[in-house]
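Taking it in order: structure first as structure tokens, then the write-up.
Here the structure is a predicted model, which means the values were calculated and not measured. Order of the sequence lines fixes the chain letters, A, B, ..., with proteins taken first and strands second; residue numbering starts at 1 for each chain.
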There are 2 protein chains.
Amino acid sequence: MNAPVSIREVAAHAGVSVGTVSNVLNRPDIVAQSTRDRVHEAIKALGFVRNESARQLRAGRSRIIGLVVLDVANPFFTDVARGVEDEASRSGLAVILCNSDDQLPKETRYLELLEEHRVQGILITPVAGPDERLALLQRRGTPVVLLDSTSPSGGQCSVAVDDVLGGDVAMSHLLDGGHQRLAYIGGPLSIRQVADRRDGALRALARAGRDPAVLQMIETRALNVYAGQQAGMAIAALPPRRRPTGVFCANDLIALGLLQEMTRHRIGVPEDIAIVGYDDIDFAAAAAVPLSSVRQPRQQLGRTAARLLLEESLAAEDHTHRQVTFQPELEIRQSSRAGPGTW
Amino acid sequence: MNAPVSIREVAAHAGVSVGTVSNVLNRPDIVAQSTRDRVHEAIKALGFVRNESARQLRAGRSRIIGLVVLDVANPFFTDVARGVEDEASRSGLAVILCNSDDQLPKETRYLELLEEHRVQGILITPVAGPDERLALLQRRGTPVVLLDSTSPSGGQCSVAVDDVLGGDVAMSHLLDGGHQRLAYIGGPLSIRQVADRRDGALRALARAGRDPAVLQMIETRALNVYAGQQAGMAIAALPPRRRPTGVFCANDLIALGLLQEMTRHRIGVPEDIAIVGYDDIDFAAAAAVPLSSVRQPRQQLGRTAARLLLEESLAAEDHTHRQVTFQPELEIRQSSRAGPGTW
DNA sequence: AGGACCATTTGACACGTTCCAATCGGACCT
DNA sequence: AGGTCCGATTGGAACGTGTCAAATGGTCCT
């Protein structure tokens, strides 16, 4: 309705100068007790609220961190986001959460938007790997930290989880269970995580002295429940003796879709098929057959990323980029507990 | 690194005045083709990026919408958020997503922050119902739209789903299935949605001429999977002939927790216990036994809320608040398909 | 040739804040 | 009494943009 009150009106109402009001707000210690009280009273009476835009204009940078994720609906990212937020709010920063939806144009638009807002820095899981655009952003003064992605050139700080190791651990676990016919479900392979986890699985096979060809690859179009169901239908359609008995899924959504389809076809989990997922989302433990899954330290990932960002934005010229890698852990649950059945 | 380029430098580089550059950016039609080209070239050469803060300072309002939710990890809110984002981006607005985490202090802090940013408006699911703080916000010029919550005073626009109807529909469905011993799981009852859904269930019972006392209430501390498991353990501990055969859960997380616990105790769903959840999150359909659930039009909720907000922020004085209510729909799946067993 | 009109461009101000140098007024010292 | 010092306050200059009235220069008409 009525226009917001400015610091000037507060000053007039309290009978002091504008500078004094500003001081009350920013360095209360240097202004006399009585004036301070008077100003506070005026602020309350008029309902004054600071104008952030004006502050930032003066300060040069805003007090916002941009976080660009591939999918807000994915629990992985919401957990990361929470970690980021925790760390950011300690420093009085807000987080603006952007959903690139895995679409390059949307990502680009958000990057522009964030740069126009002169954000403190950007945390991003890039749709298509680190980019010239990101490097440009950096050069122009907006620090960028890669999330769950690494820069081959080392041009940015990054925080990631060792996905190759994760795939290795998952597959080793299935091999330990004595499974012979194995499958990996996930895709598209153009996504680094998907490829890395597969590579890890292959590494485990190689180490065990097994022919990589025993690993059946089922590439999906996406990493969601529906894709898992599709893959599950394909598996159910196979004659039992050709079905894999140990399946490693590129993420839990796929694993849940697969699990559901197995249940529907009365294929026992884990008796007939052992399943291992990835991400250890809440619903993994909550599934009818609790799902074994590779857990990533998600909140910690977010917190660390935010910390690296703050570090970089504070350090003047002499900042060296750091690449932090976390190690995933396998959480073994019922879905992979038994050995393979026999035919 | 180097300080950002300002419009002034662009002007100098292109050999025009500052005003002209601004015109190129905001009203390209009134500037001559040749000058326009020259300016664009300068912008590119210098890597100029608009300063949003300065723009908003001039404009008075920022081009951001604030969205405050109770829990970003809850799929309900992420879907709503996407709806909001869709609608906002049509108008070139960005969304800043805030997670109040069901904590009043955090909520308050975010409201302050958003007001300081002079956001276009705030969409909020208040922790403790609509508040004097919200009314104040409105009076000071920041439109507020309630999300999944209504203002008794009609002081705000609001968008909500008829939760009483949802509870009614769910319970009617169970009654249709011939269930005699019924239960409602959810809590705390201080949450409006939880209470409304229960009231709806009671309404259905009354309409069917049944004693409300046949509805066993299991109040939980929270609306998550863990609470559902707890409730499930309590139910499993009952002697079979005293167990409810039809259970309505205040949300899907609880239902999933319950489902898991039933599976673990080899209590058949739906043969022994029929389950109906609420929210129809993706995982409901993906559960081992696909879960019947009351679906709310989530994205539409978000879109509508955003639209109401824009409407209000454009309308000058003569805005009358509107309360939009959506009707939920029951999605019947396997978890409630059969009638009750017999003992 | 002189005037009128139009399309472009210009220059200056305003937005609300922070920061800094300058000023004020009192208290204390010599 | 004059000088000095210090805490408290003031005034004004930025920050980068959008807007608007005014200026500019060119074309066309009479």
Side-chain angles (χ1 to χ4, degrees), chain A residues 2-40 42-43 46-63 92 112-113 115-119 140-142, chain B residues 2-40 42-43 46-63 92 112-113 115-119 140-142:
Chain A
N2 28 17
V5 258
S6 87
I7 209 178
R8 194 164 13 245
E9 302 170 54
V10 174
H13 189 278
V16 296
S17 78
V18 177
T20 300
V21 178
S22 175
N23 282 336
V24 170
L25 260 30
N26 301 303
R27 304 124 87 186
D29 41 304
I30 72 160
V31 26
Q33 175 75 50
S34 62
T35 347
R36 217 186 309 163
D37 292 346
R38 208 142 31 91
V39 171
H40 276 134
I43 288 179
L46 271 51
F48 165 75
V49 176
R50 263 151 125 105
N51 184 328
E52 248 315 286
S53 305
R55 294 189 84 184
Q56 338 185 326
L57 177 56
R58 192 81 229 290
R61 287 259 138 220
S62 94
R63 305 186 311 156
E112 288 170 3
L113 191 131
E115 191 179 12
E116 289 177 0
H117 277 275
R118 298 288 188 273
V119 293
R140 290 206 200 112
T142 305
Chain B
N2 27 17
V5 189
S6 89
I7 209 177
R8 195 164 11 246
E9 301 170 55
V10 174
H13 189 279
V16 296
S17 78
V18 178
T20 300
V21 178
S22 175
N23 282 335
V24 169
L25 261 28
N26 302 302
R27 305 127 86 188
D29 42 304
I30 72 160
V31 25
Q33 176 74 50
S34 63
T35 343
R36 219 187 307 163
D37 291 347
R38 207 140 32 88
V39 171
H40 276 133
I43 288 179
L46 269 52
F48 165 75
V49 177
R50 265 151 124 107
N51 184 329
E52 257 300 302
S53 305
R55 294 190 83 186
Q56 337 184 328
L57 177 56
R58 190 85 227 295
R61 288 258 139 221
S62 94
R63 307 188 309 159
E112 288 170 3
L113 191 130
E115 192 179 10
E116 289 179 359
H117 276 276
R118 299 287 188 272
V119 293
R140 291 207 199 113
T142 305

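- The side chain of A/R55 contributes an N or O atom lying less than 4.0 Å from OP1 or OP2 of C/dT18.
- Mapped onto DNA chain C by nearest heavy atom, B/D29 and A/S22 fall at different nucleotides, with B/D29 at the one closer to the 5' end.
- Picking from D/dT9, C/dT8, C/dG16 the nucleotide with the shortest atom distance to the side chain of B/L57 gives C/dG16.
- Distances from the side chain of A/F48 to the nucleotides D/dG16, D/dG11, C/dT17 place C/dT17 closest.
- Distance NE2 (A/H117) to P (D/dG16): 17 Å, rounded to an integer number of Å.
- Between D/dA8, C/dA14, C/dG11, one nucleotide has an atom nearer to the side chain of A/T35 than all others, and that is D/dA8.
- Rounded to whole angstrom, the span from the CD1 atom of A/I7 across to the C1' atom of C/dC19 amounts to 12 Å.
- The CG atom of A/N51 sits 18 Å away from the P atom of D/dC15 (whole-angstrom rounding).
- Distance alone, capped at 3.5 Å, is enough to place a donor-acceptor pair between the A/R61 side chain and the A/V119 backbone.
- Between the P atom of C/dG16 and the CZ atom of B/R61 lies a distance of 12 Å, rounded to the nearest Å.
- At whole-Å resolution of the value, CZ in B/R118 and C1' in C/dG16 are 9 Å apart.
- Note: CZ (B/R27) to C1' (D/dT19) measures 6 Å, nearest angstrom.
- In this structure, the nucleotide among D/dT19, D/dA8, C/dT10 sitting nearest to the side chain of A/A32 is D/dA8.
- Within 4.0 Å (heavy atoms only), B/R58 reaches at least one base atom of the nucleic acid.
- Side-chain N/O atoms of A/T20 include one lying less than 4.0 angstrom from OP1 or OP2 on D/dT10.
- Checking side-chain atoms of A/E9 against main-chain N and O of A/S6 turns up a donor-acceptor pair under 3.5 Å.
- Between the CG atom of A/N23 and the P atom of D/dG11 there is a distance of 14 Å, given to the nearest Å.
- Distance from the side chain of B/R8 is smallest for D/dC15 among the nucleotides C/dT9, D/dC15, D/dT19.
- Rounded to whole Å, atom C1' of C/dG16 lies 15 Å from atom CG of A/L46.
- Considering only side-chain atoms of B/S6, the nucleotide from C/dT10, C/dT8, D/dG16 that sits closest is D/dG16.
- Annotation for B/A54 and A/L57: closest pair CB-CD1, 3.8 Å, computed over non-hydrogen atoms.
- A donor-acceptor pair is defined here as one N or O able to donate and one able to accept, closer than 3.5 Å; no such pair exists between the side chain of B/R27 and the backbone of B/V24.
- The nearest pair of heavy atoms linking B/F48 to B/V5 is CD1-O, 3.3 Å.
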